[in-house]
There are 2 protein chains.
Amino acid sequence: MSAEKAPAQPPAPAPSIRARVRAEMTDEIKRVALEHLARDGSALSLRAVSRDMGMVSSAIYRYFPSRDELLTALIIDAYNSLGDAADAADGEVDRRDAYAARWFTVGHTIRRWALAHPAEYALIYGSPIPGYKAPEETIVPATRAIATLARVVAEAEAAGRLRTPQGADATVPTENADYAAELRVVAASLGFAEDSWVVERFLGAVTHLFGAVNFELFGRLNNVVNERSEWFDRQLRELAASMGLSPRR
Amino acid sequence: MSAEKAPAQPPAPAPSIRARVRAEMTDEIKRVALEHLARDGSALSLRAVSRDMGMVSSAIYRYFPSRDELLTALIIDAYNSLGDAADAADGEVDRRDAYAARWFTVGHTIRRWALAHPAEYALIYGSPIPGYKAPEETIVPATRAIATLARVVAEAEAAGRLRTPQGADATVPTENADYAAELRVVAASLGFAEDSWVVERFLGAVTHLFGAVNFELFGRLNNVVNERSEWFDRQLRELAASMGLSPRR
DNA sequence: CACTGTCAAGAGCACTGCTCTCGTTTGTGT
DNA sequence: ACACAAACGAGAGCAGTGCTCTTGACAGTG
């Protein structure tokens, strides 16, 4: 693959001028492509990008072997951008605050990132692009934001700060052994306790959270809910409650 | 109560042979276009459709003035197909059953319709198509499936069969007056009681439900949950509980 | 019979992703 | 210092796209 930026020669750490120009060009192409993406939606034209850069279309292929590879690069960048935003937001919450505060902060950050980067959001959380097949290199960055959310809840659980639901509030355990096994695998990979009751609700909460962002961003809330921030906040609140995260007081 | 599929052609005038052939052609184009949509995703090529029909591409324009108009027709058909499926499923539930049974039936029907018609589902619940702007004629059919879900919950509420949440389970009322007003409008349009507490949870449930279908259909559950039917059923169960719909026994 | 509207066909325009070839530029090993 | 290979931008070209316009054939109606 592209291992340019790896000068494995100890005495020659000099990033050759050519390699630097190449990196700048690659970034510039991605930057212009993002502008086009924001303007024209997922219909990304290599020729239009090249025109904006004063190049001929074939020159783009020196940097990205195909339109799909460009899309892959943009997708990975988008996942990482969202992941960075989520991590940064979580990191800035005062650790003396309740875990619920971190949940709200990260949740709102994800929504705000989506509103600020609608094209990138649609790229990674919208319907699949027609001819495009996501390569494996995208799956790790894809999990970052969700992993951040999971960390908050898992740490709350580990700290014994989750109110375990009782009685009618509690979920009936599944009778499907395969499904139960899957939940255990998910619990392990996300850092929850073994057989944690909260894993399933966390998956539901993530589904709900991204469903809400989808609804807002794709216009499904038009003429229904205009106080979107309030609406989203209250959805987050319900989800926190469903996981036993004490609400802010 | 939204109008059903009103076949409201005022009087039936002479269905001239020409008009009949034209209608058949229109249907055939939509049929072939759907096949292509199912195969190639949202990249729909008029020329490919025309080739499949043994026509020249320009002939398509006798029936649809543009690609967008064809898409609009397909989108409306898709919304109505989903709406029909939801209504039919709801209609077949024995009315002596609990309202929860209707909720599960309609919910699972929506999911099954999406799995059976992934291309149509992506068309109506995926990210917006690049150059396409949905005309107003799509917004009424768009609400049908949601209206069906709402009817179930609203009728349960009217029958006094919703367990009103108490204490920690209850949602704190919003302090945002605009948002509260919006909720009242939604309540009125979906048939809920005025100031009904369940409206907000219903909106959340719909968000969650379609978020779950999105996750499954767009591959976000890959390598995470494979027992999708069980997973979805348990999500529906949580949603029913959150709205006070007694679970099946 | 003549008229009128509908139809399929074809040529053409501007656009797309992508390939290939052509000289030129640049970095590096000898 | 020189030579060679890799990298580069430009351009032509291919097959595909949505869409427009013109042309000639046909059908239904006066």
Side-chain angles (χ1 to χ4, degrees), chain A residues 1-30 32-33 35-37 39-75 129-133, chain B residues 13-30 32-33 36-37 39-74 129-133:
Chain A
M1 279 298 168
S2 53
E4 281 81 10
K5 307 193 64 178
Q9 289 303 80
S16 80
I17 297 181
R18 194 159 222 164
R20 258 199 34 192
V21 171
R22 183 181 176 83
E24 282 172 18
M25 273 297 237
T26 305
D27 284 349
E28 177 75 1
I29 291 174
K30 290 200 286 189
V32 175
E35 286 174 17
H36 281 248
L37 218 50
R39 199 150 21 85
D40 309 327
S42 76
L44 178 62
S45 160
L46 284 192
R47 291 182 113 110
V49 171
S50 66
R51 267 196 301 273
D52 269 20
M53 299 186 56
M55 296 170 73
V56 99
S57 71
S58 56
I60 299 271
Y61 288 84
R62 297 281 174 198
Y63 302 92
F64 295 96
S66 76
R67 179 174 167 277
D68 280 8
E69 298 263 356
L70 212 198
L71 281 176
T72 298
L74 295 177
I75 286 171
I129 290 142
Y132 180 79
K133 183 80 191 79
Chain B
S16 82
I17 298 181
R18 195 157 222 165
R20 258 200 30 192
V21 172
R22 184 181 177 82
E24 282 173 16
M25 273 296 236
T26 305
D27 285 349
E28 176 75 0
I29 291 173
K30 292 200 285 188
V32 175
H36 281 249
L37 219 51
R39 198 148 25 84
D40 309 326
S42 77
L44 179 62
S45 160
L46 285 191
R47 293 182 113 111
V49 171
S50 67
R51 266 196 301 272
D52 268 21
M53 298 186 58
M55 295 171 72
V56 98
S57 71
S58 57
I60 299 271
Y61 289 84
R62 296 277 172 201
Y63 301 93
F64 294 95
S66 74
R67 179 174 167 275
D68 280 10
E69 298 264 354
L70 211 199
L71 280 176
T72 298
L74 294 177
I129 290 142
Y132 179 78
K133 182 82 192 78

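Residue numbers begin at 1 in each chain, while the letters A, B, ... track the order of the sequences.
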So which heavy atom on A/Asp68 is nearest to which on A/Tyr132, and how close?
-> O-CE1, 3.4 Å

What nucleic acid atoms does B/Tyr63 come within less than 4.0 Å of, heavy atoms only: base, sugar-phosphate, or nothing?
-> sugar-phosphate

How close or far is atom C1' of C/dG27 from atom CZ of A/Arg22, stated in whole angstroms?
-> 14 Å

Whole Å only: how far is the OH atom of A/Tyr132 from the C1' atom of C/dC18?
-> 18 Å

Under a 4.0 Å heavy-atom criterion, the protein footprint on nucleotides 17-25 of chain D, written with B, S and -, is BBBBB----

Is there a side-chain contact between A/Thr72 and A/Phe64 (heavy atoms, below 4.5 Å)?
-> no

Rounding to 10 degrees, work out the angle separating the end axes of the helix from C/dC1-D/dG30 to C/dT30-D/dA1 (five pairs an end).
-> 10°

Is there a side-chain contact (heavy atoms from CB on, under 4.5 Å) between A/Met25 and A/Met55 once you walk through the steps?
-> CA-CA 11 Å; A/Met25 273 297 237; A/Met55 296 170 73; 3.8 Å; yes

Rounded interatomic separation in angstrom, taking CD1 from A/Ile60 and C1' from D/dA10 = 13 Å

Taking all atoms of both residues into account, what is the closest heavy-atom pair of B/Ile29 and B/Ile60, and its distance?
-> CD1-CD1, 4.1 Å

Separation of A/Phe64 atom CZ from D/dA7 atom P, in whole Å?
-> 16 Å

CG on B/Leu37 to NZ on B/Lys30, rounded to 0.5 Å = 13.5 Å

Can you tell me how far CG of A/Asp52 sits from NE2 of A/His36, rounded to the nearest 0.5 angstrom?
-> 3.5 Å

Rounding to a whole Å, what distance do you find between A/Met25:CE and C/dT26:P?
-> 13 Å

Looking at B/Ser57, B/Ser45, B/Ser58, which one forms a side chain to side chain contact (heavy atoms under 4.5 Å, CB included) with B/Ser50?
-> B/Ser57

Round to a whole Å and report the spacing from NE2 of B/His36 to P of D/dG16.
-> 14 Å

Note: B/Met53 and B/Glu28 closest approach over all heavy atoms is CE-CG, 3.3 Å

Could you tell me whether the side chain of B/Arg67 and the main chain of B/Leu44 form a donor-acceptor pair under 3.5 Å?
-> yes

Nucleotide D/dC8, atom C1' - distance to CE of A/Met53 in whole Å = 13 Å

Over how many whole Å does the gap from B/Met55 atom CE to C/dC7 atom C1' extend?
-> 9 Å

